[in-house]
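Structure incoming, see below.
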Amino acid sequence: MGNFAYTGGRMQTDGVDLAQIADAVGTPAYVYSSVALEDTYRRFAAALAPLDPLICYAVKANSNLAVIGTFARLGAGADVVSVGEMARALAAGVPADRIVFAGVGKRRDEMAAALKAGILQFNVESEPELLALNEVALGLGLRATASLRVNPDIDAGTHPKITTGSRDNKFGVDIASAMRLFETAKNLPGIDLSGVAVHIGSQLTDISPLSDTFAAIARLVRELRGRNHAIRRIDLGGGIGIAYQGETVIDPKDYARVVMETVGDLGAKLIVEPGRSLVGNAGVLLSRVVYVKQGEARRFVILDAAMNDLLRPALYEAFHEIAPLVEPPAQAKLSPVDIVGPVCESADRFAAERMMPPLEAGDLVAIKSAGAYAAVMASSYNSRPIAAEVLVRDGDFAVIKPRQEIAQLFADEILPPWLTGGAHG
Ligand SMILES: *Cc1c(COP(=O)(O)O)cnc(C)c1O
């Protein structure tokens with residue numbers, strides 16, 4: 001694909017020199033490649049095509065309208081976890097009947113909004129939620145189509161903060177309770193509980209937890225059908241990992257084969273919810289070196305990007321490759337540096353003792369694999385404006401979210417009457 005690779009010694013994507021983007025929009029800035037988004041989606045969709053699934057892009061990975069819209073144009077639905085995400089998906093052109101609403105804490109007003117919008121299904125995660133959804137639907141004179149999210153108690157083998165399918169996690173209901181809840185739902189006229197859903201975690205690089213999970217789901221579906229529950233949809237969740245540091249990742253063809261072998265012959269409509277795997281390596285965070293500081297023990301490269309722009313290293317000890325936009329000469333000497341941001345937290349560190357070619361103040365770097373769980377987790381901590389987002393396509397680029405202006409940081413804050421006007425005293 002040649003995305004975010006050096007051409008003539010300069011990092012480019014989709015035929016655009018990234019330094020040119022940095023000059024035009026400033027730094028830090030997230031840059032996404034249309035070719036990478038589209039190719040990754042098409043490759044995944046092609047592998048699964050024989051199973052004719054609905055691919056619901058997990059909007060939380062990157063919820064910029066232009067990113068959702070890129071997938072919507074290729075036929076994707078959306079997996080949302082809040083009414084805010086639902087509104088984004090609809091605004092980006094995803095038809096309501098391709099939207100799945102997941103999450104452990106859906107409020108009644110969110111349920112009502114989603115019912116009125118006419119989404120495809122709710123993924124229900126508990127008995128109280130099932131009862132609440134029934135009431136909300138009846139109140140609107142509607143019937144909610146739902147799937148039950150089960151928790152198969154399988155270790156996804158991923159970082160503890162992004163594992164979701166073990167019994168110590170808050171997500172889903174255990175398999176035994178699932179049986180009971182399907183019985184309960186039979187007496188709830190506001191609910192058509194006719195599917196099962198699962199999602200065991202994120203950044204999975206090994207397929208075996210997924211195949212164990214899908215096999216458990218297949219057993220559950222057979223058992224439910226044996227008890228006269230109509231199971232029409234199976235939602236397999238997301239979780240496919242990407243290479244941050246040269247990891248071997250799950251090939252879409254292997255994923256498709258495992259789906260085929262486990263749940264492929266059940267005659268249910270299949271739904272998949274990939275997030276990270278579609279966007280993670282389609283984006284970088286551009287940043288400029290502000291200072292290089294030689295400490296007593298370590299050398300610090302201080303960037304103008306920080307943990308408020310990319311939280312993953314601070315939150316998950318995540319690795320992100322960092323590369324200069326100008327290709328270093330082959331004989332460049334590498335030396336260990338800490339790559340940090342300006343935020344007043346020691347956790348504001350992108351890399352520790354990373355072997356890097358020489359870097360100087362003013363140099364531009366790309367923090368790679370920043371397409372997923374990056375911009376969506378951004379905050380304005382330390383009153384740092386939210387960074388710009390740019391989408392590159394076919395030799396051209398568009399700003400898809402301008403950099404926040406300083407005045408916008410507090411434009412919606414209000415001084416109460418006792419702090420405005422009047423005398424001091
Ligand atoms: C986060 C999430 C996804 C997407 O996970 P990725 O690891 O980004 O693919 C899919 N389904 C549900 C229910 C989620 O919470």
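From a predicted model like this one, the values you see are computed outputs, not experimental measurements. Just so you know, ligand 1 is whichever comes first in the structure, and atom 1 is the first atom listed for that ligand.
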Sidechain N-carboxylate O distance under 4.0 Å for R288, D23: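 So R288 pairs with D23 through a salt bridge.
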Per-residue contact class, E273 against ligand 1 - non-hydrogen pairs under 4.0 Å: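 Both parts.
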Closest protein heavy atom to atom 4 (C) of ligand 1, given as residue, atom name and distance to 0.1 Å: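 Its nearest protein heavy-atom neighbour is A58 CB, 3.4 Å.
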Pair K106 + E125: basic N to acidic O under 4.0 Å: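 Salt bridge: no.
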Atoms in ligand 1 with a heavy atom of Y373 nearer than 4.0 Å: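 Result: 1 (C), 4 (C), 5 (O), 6 (P), 8 (O).
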Polar proximity ligand 1 side, G239 side, N/O cut 3.5 Å exclusive: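 Among all N and O atoms of G239, at least one is under 3.5 Å from an N or O of ligand 1.
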Salt bridge flag under 4.0 Å for residues E135 and R108: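 A salt bridge links E135 with R108.
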Ligand-side contact atoms (ligand 1) for residue partner R276, heavy atom cut-off under 4.0 Å: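 Here the atoms of ligand 1 in question are 6 (P), 8 (O), 9 (O).
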F319 six-ring centre to R354 NZ/CZ under 6.0 Å and within 45° of normal: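 Flagged: R354 positioned over aromatic ring of F319.
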Protein heavy-atom partner closest to atom 2 (C) of ligand 1 - residue, atom, separation in Å: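 Protein heavy atom at minimum distance: K60 NZ, 2.3 Å.
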Numbered atoms of ligand 1 (with element) below 4.0 Å of S202, judged on heavy atoms: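 In order of number, 6 (P), 7 (O), 8 (O).
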Backbone or side-chain N or O of G275 under 3.5 Å from ligand 1 N or O: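 G275 vs ligand 1: N/O contact under 3.5 Å present.
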Distance from atom 5 (O) of ligand 1 to nearest protein heavy atom, with residue and atom: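 Sorting protein heavy atoms by distance from atom 5 (O) of ligand 1 puts H199 CE1, 3.4 Å first.
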D79, portion touching ligand 1 at heavy-atom distance under 4.0 Å: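 Within the 4.0 Å criterion, D79 contacts ligand 1 through side-chain atoms alone.
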Residue K269 excluded, over 12 heavy atoms near NZ under 6.0 Å: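 Correct, the count exceeds 12.
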Atoms in ligand 1 with a heavy atom of R149 nearer than 4.0 Å: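 So the answer, numbered in order with elements, is 13 (C).
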Electrostatic pair D109:R107 at N-O distance under 4.0 angstrom: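 Here D109 pairs with R107 in a salt bridge, since their nearest N and O are under 4.0 Å apart.
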D235 versus N123, side-chain donor and acceptor atoms under 3.5 Å: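 Per modelled atom types, N123 and D235 side chains form a pair under 3.5 Å.
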Criterion salt bridge (Lys or Arg N to Asp or Glu O under 4.0 Å) on E261 and R257, from CA distance to verdict: CA-CA 6 Å; E261 286 170 2; R257 181 177 44 74; 3.7 Å; yes
